[in-house]
Amino acid sequence: MDKKKIAIVFGTRPEAIKMAPVILELNKQSKEYTTLVIVSAQHREMLDQVLDVFSIRPDFDMDIMKKNQTLSDITSDILKGIESIFLDEKPDMVLVHGDTTTSFAAALAAYYHQIPIGHVEAGLRTYDKYFPFPEEANRQLIDTLTDLFFVPTEMTKANLLNEGKDEHKISVTGNTVIDAIHYTKESNTRHSSLDLMNDSPDQKWILLTMHRRENHGQPMQHVFEAINAITEKHKNVSVLMPVHLSPIVQAMANELLGDRDRIHLVEPLEVDVFHQVISKAYMVLTDSGGLQEEAPALDVPVLVLRDKTERPEGLEAGTLKVIGTEKDNVIYAVNELLVDTELYLKMSKAVNPYGDGLASSRIIKEITKYFEE
Ligand code: UD1
Ligand code: UDP
């Protein structure tokens with residue numbers, strides 16, 4: 001095989017965390033591959049935090065982030081900006097991840113230039129185009145354009161087969177987030193949030209994150225009201241919330257959760273610190289996608305603040321519960337986990353369904369096979 005140039009395009013925090021292990025693995029094979037890292041910077045600070053932890057220096061940085069950016073802003077800025085990079089660099093393959101608008105726009109641009117597309121974390125589905133919005137449509141659209149599907153589990157492979165995708169193009173690799181956890185567990189970075197948790201070992205810590213577009217407004221308000229009710233009732237419960245930098249989330253978190261006893265709002269944490277925080281938490285309360293995969297690997301139960309999940313593996317394994325965003329339902333589910341020790345042990349001991357930390361090397365083997373065929 002001639003040496004191939006692989007462009008890896010991403011723009012947000014979760015994509016960066018899950019693509020970093022693939023980049024590090026590709027870099028190890030520098031005789032076979034040139035790695036071209038292109039970031040849209042759909043996120044700025046939250047992306048840079050991840051690049052620092054993994055010591056990744058992008059070859060191209062499109063720096064598109066704007067305050068209150070719309071989906072159309074992101075899509076059009078990337079489509080326009082990436083064209084000249086693809087024309088100048090002529091990559092042999094473009095790798096995109098998951099379901100963000102960066103991934104969709106980059107896949108569309110690659111398609112326009114007839115560059116083969118590899119989709120990492122392909123095949124996740126809720127089959128409801130507004131939940132999560134716009135991620136469900138993004139991933140279906142990307143999979144329409146994809147040449148190589150890297151799926152995390154057999155369940156995600158089944159989704160693609162049911163849609164009539166060619167089995168030959170699908171490989172079950174595990175999720176690269178487990179590879180990322182193997183990397184971050186070597187870190188012993190100290191942080192004031194870790195000190196806070198260590199200094200009150202008698203407290204049961206709830207790790208809270210929330211940011212999804214479909215939860216902006218009332219759903220988020222109801223969850224935050226529930227959090228206040230829970231901490232008022234249980235004096236042995238503390239909450240740590242690293243607040244997403246979205247102005248909408250910042251405003252609501254500060255208004256409803258700011259200056260409350262035992263509720264700590266902090267800046268987004270570096271991922272190596274964040275993984276340590278998950279391990280110390282009693283439970284995770286979140287609408288995040290990635291956290292539904294990480295927490296099972298770190299033996300921490302997750303209550304999912306959504307009506308549906310595209311990650312049924314965690315439900316089947318027993319580590320997740322989908323509880324929605326109604327105030328009373330959130331209070332009930334959290335109370336249950338606080339008082340029912342048997343349920344708690346069952347959830348925290350459930351087996352991680354997302355792989356063994358070798359997903360990135362499997363992905364690269366499949367890419368090599370593709371070029372050798
Ligand atoms: C995006 C993804 C979502 C993913 C999430 C991860 C899309 C449509 N959505 O949503 O799938 O779950 O990232 O966090 O691709 N901001 C900053 N600094 C940062 C990051 C964000 O200031 O480092 C602020 C900006 O004002 C920005 C806003 O957050 O306009 C929202 O960011 P955006 O990427 O549009 O949406 P997310 O909700 O982060
Ligand atoms: N994360 C982080 N610092 C934080 C909060 C989250 O590094 O303060 C990481 C977390 O470990 C996970 C990813 O960010 O890997 C999840 O990102 P997010 O919830 O923003 O997006 P989603 O996974 O929902 O797309």
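Counting convention: from 1, in listed order, for ligands and their atoms alike.
Near Ser246, meaning under 4.0 Å from any of its heavy atoms, are these atoms of ligand 1: 24 (C), 28 (C), 29 (O). Of all atoms in ligand 1, numbered sequentially from 1 with element shown, those under 4.0 Å from a heavy atom of Thr100 are 15 (O). The atoms of ligand 1 that sit less than 4.0 Å from any heavy atom of Leu71 are 8 (C).
With a 4.0 Å heavy-atom cut-off, ligand 2 is reached by the side chain of His275 but not by its N, CA, C or O. Proximity of Pro132 to ligand 1, defined as any heavy-atom pair under 4.0 Å, is not found for any part of the residue. Counting heavy atoms closer than 4.0 Å to ligand 2, residue Gln49 contributes nothing at all. Under 4.0 angstrom from ligand 1, there are no non-hydrogen atoms of Pro268. Residue contacts with ligand 1, taken as heavy atom pairs separated by less than 4.0 Å, do not involve Ser288 at all. With a 4.0 Å cut-off on non-hydrogen atoms, Lys66 touches ligand 1 through its backbone and not its side chain. Heavy atoms from both the backbone and the side chain of Leu269 come within less than 4.0 Å of ligand 2. Residue-level proximity to ligand 1 for Glu135 is carried by the side chain, the only part with a heavy atom below 4.0 angstrom. The parts of Ser288 lying near ligand 2 are both backbone and side chain, judged by heavy-atom distances below 4.0 Å.
Considering Lys67, Met65, Arg44, Gln49 only, the shortest heavy-atom separation from atom 22 (O) of ligand 1 involves Met65.
Salt-bridge annotation for Arg139 and Glu136: present, with a side-chain N of the basic residue lying under 4.0 Å from a carboxylate O of the acidic one.
Residue Lys204 holds its NZ atom at 8.0 Å from CE of Met283, rounded to the nearest 0.5 Å.
Polar contact check, His211 against ligand 1: a nitrogen or oxygen pair lies under 3.5 Å apart.
Other residues, nucleotides and ligands contribute at most 12 non-hydrogen atoms within 6.0 Å of the NZ atom of Lys67.
Residue contacts with ligand 1 include Ile74, since one of its heavy atoms falls under 4.0 Å from the ligand. Within the 4.0 Å heavy-atom shell around ligand 2 one does not find Glu267. Within the 4.0 Å heavy-atom shell around ligand 2 one finds Ile17.
Taking the six-membered ring for Trp and the full ring otherwise, Tyr112 and Phe86 have centroids separated by 6.0 Å or more.
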